[in-house]
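One structure is given here, and the rest of the page talks about it.
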Number of protein chains: 2
Amino acid sequence: MEYNAKQIQIIEVAERLFAQKGFAGTSVRDIAQAADVNVSMISYYFGSKEKLIEALFQIRMTESRSRLETLITNAELVPMQKINLLIDSVIDRLTGNQCFHNIMMRETLSSERNAAISEHIMNLKMRNIELMQQLIREGQAAGVFRDDIDMSLMTTTLYGTVNYAIASQDFYKKINNLEHMDQAEFLNHLKGKLSQHLKSLFKSTVTNEHHNQN
Amino acid sequence: MEYNAKQIQIIEVAERLFAQKGFAGTSVRDIAQAADVNVSMISYYFGSKEKLIEALFQIRMTESRSRLETLITNAELVPMQKINLLIDSVIDRLTGNQCFHNIMMRETLSSERNAAISEHIMNLKMRNIELMQQLIREGQAAGVFRDDIDMSLMTTTLYGTVNYAIASQDFYKKINNLEHMDQAEFLNHLKGKLSQHLKSLFKSTVTNEHHNQN
DNA sequence: TGCAACGATTCAAACGTTTGTTTGATATAT
DNA sequence: ATATATCAAACAAACGTTTGAATCGTTGCA
């Protein structure tokens, strides 16, 4: 499915509004006005509001497909370097697509799920955890990673931390007295801090050195 | 502000529905039907749908106030034990009030914020981070914690991990082949895993031993 | 070049529902 | 008898979607 310029314009505006106010909280008239098109264009191009958000997911999901996989699997790096690469990649991906990941988080929080969207999210998570699994196994085979790593909880910490940091960035700004920064400057700062934090967190937990039971 | 039995019934039903479908996605008629009361009772008792969710926040926030503070500050425990107590307390609080924290997460993700609710959330986060700050300072004064701990990112990892784990519990269940468990059994399992995971994560990162720069 | 014909696009208006809230009559309890 | 609680019904506004006429850009033929 390819989309013309006007359709993409509508999708991008809808993405921003869905992130700001939620799917149910955004009316098709809101979207039409912000995208500067007639209300009926949304039904005309997408069929319905529901199909519009499905189109958004379809686009963003195919965009992200296999961007990282080859980079990580092919690089000739030691396992810990690959983990660090993965961490930075997740930080970049989530900070670079805040609106979409905001929407995805909202969908994850919902019980009444759109089937098509649920499957998109499920597929993405499967890919992510398989990638992580592969990296961990590599490190274990090389003898530098511990054998008792809880994979799904490591990914939970990775995505959970970055997601939560982005969601409460206003609070983080206030707490750390960074309100003087503009958005781009602040985001760079946050990315650097997150990268440093998560890398040191993962290093201490994942490597064999200095391992002691609690 | 005290509420009678019927009001509490309405609030609890609303909490469940807001968590399942979002605030905007839940109609007052949904709530009235699920709570088995007439539609007009919501306006009658709370004034409006907006005031209803504010009442929910007011109740849940005052409930949680100063439950933990005294427990932690007064206990005669070593700093690391206090941190572990904090971790378990956060896990208990978030798993025990999934609906409410789901709603709070949704509010955090929103840009168009209700002022009263924003302030409740801000106050809660302030209390949480001050508590963490106090514990960390104690450990540093005792010489067992590192001096360069990023407080706000540690809390981000703590809350982010637990929140994300709860939000994607269905996925976690599927990944770890735990679909045979009933909800209570699974939740216990998840709490145990989270506790173990976060404690080991914090221990390696926070303590002075084996510290090496990356 | 001129023009008819065509499908794709755009629009204001209207459609039928659903929304949050109010009303006014009735029931219950103190 | 007085205040509180409950209800079906009605309210205007907002909702997602459809309609049908108007406009646009391209193509085929004279």
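Numbers restart at 1 for each chain; the letters A, B, ... are given by sequence-line order, proteins then strands.
With sequence neighbours excluded, the residues satisfying salt bridge (charged side-chain N to carboxylate O under 4.0 Å, His left out) with B:Glu15 are B:Arg60. Taking the side chain to side chain contact (heavy atoms under 4.5 Å, CB included) definition, one finds that A:Glu119 meets it with A:Asn123, sequence neighbours left out. Applying the ring pair (Phe, Tyr, Trp, His ring centres under 6.0 Å) rule to B:Tyr45 yields no partners; only residues at least two apart in sequence or on another chain are considered. Under the ring pair (Phe, Tyr, Trp, His ring centres under 6.0 Å) criterion, B:Phe202 pairs with no residue, sequence neighbours left out. For A:Ala167, the side chain to side chain contact (heavy atoms under 4.5 Å, CB included) criterion is met by B:Met105, B:Thr108, B:Leu109, not counting sequence neighbours.
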Walk me through it: do A:Lys82 and A:Glu138 pass the test salt bridge (charged side-chain N to carboxylate O under 4.0 Å, His left out)? CA-CA 10 Å; A:Lys82 291 190 182 182; A:Glu138 244 178 84; 2.9 Å; yes

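The ring pair (Phe, Tyr, Trp, His ring centres under 6.0 Å) analysis of residues 82-110 of chain A, with sequence neighbours excluded, yields the pairs A:Phe57-A:Phe100. Sorted by first then second residue, the side chain to side chain donor-acceptor pair (under 3.5 Å) pairs that include residues 4-13 of chain A, not counting sequence neighbours, are A:Asn4-A:Gln7. Sorted by first and then second residue, the pairs that involve residues 158-168 of chain A and meet side chain to side chain donor-acceptor pair (under 3.5 Å), not counting sequence neighbours, are A:Arg93-A:Tyr159, A:Asn128-A:Tyr159, A:Thr161-B:Thr157.
Using modelled atom types and a 3.5 Å distance limit, the side chains of A:Arg16 and A:Thr26 yield no donor-acceptor pair. Side-chain polar atoms of A:Gln169 and A:Gln183 form a donor-acceptor pair below 3.5 angstrom.
Counting 5' to 3', DNA chain C first comes under 4.0 angstrom of a heavy atom of chain B and last does so at the ends given by C:dT19 to C:dT23.
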Could you summarise the pairing of DNA chain C as dot-bracket text, marking Watson-Crick and G-U pairs under 3.5 Å with ( ) or [ ] inside the strand and | across strands? .||||.|||||||||||||||||||||||.

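Atom NZ of B:Lys193 and atom CG of B:Asn188 lie 13.0 Å apart (nearest 0.5 Å).
For DNA chain C, the neighbouring residues in residues 6-27 of chain B, judged by any heavy atom under 4.0 Å, are B:Thr26, B:Ser27. For the segment residues 34-57 of chain B, the set of residues with a heavy atom within less than 4.0 Å of an atom of DNA chain C comprises B:Val39, B:Ser40, B:Ser43, B:Ser48, B:Lys49, in numerical order.
Rounded to an integer number of Å, the gap from B:Arg29 CZ to D:dA13 C1' is 13 Å.
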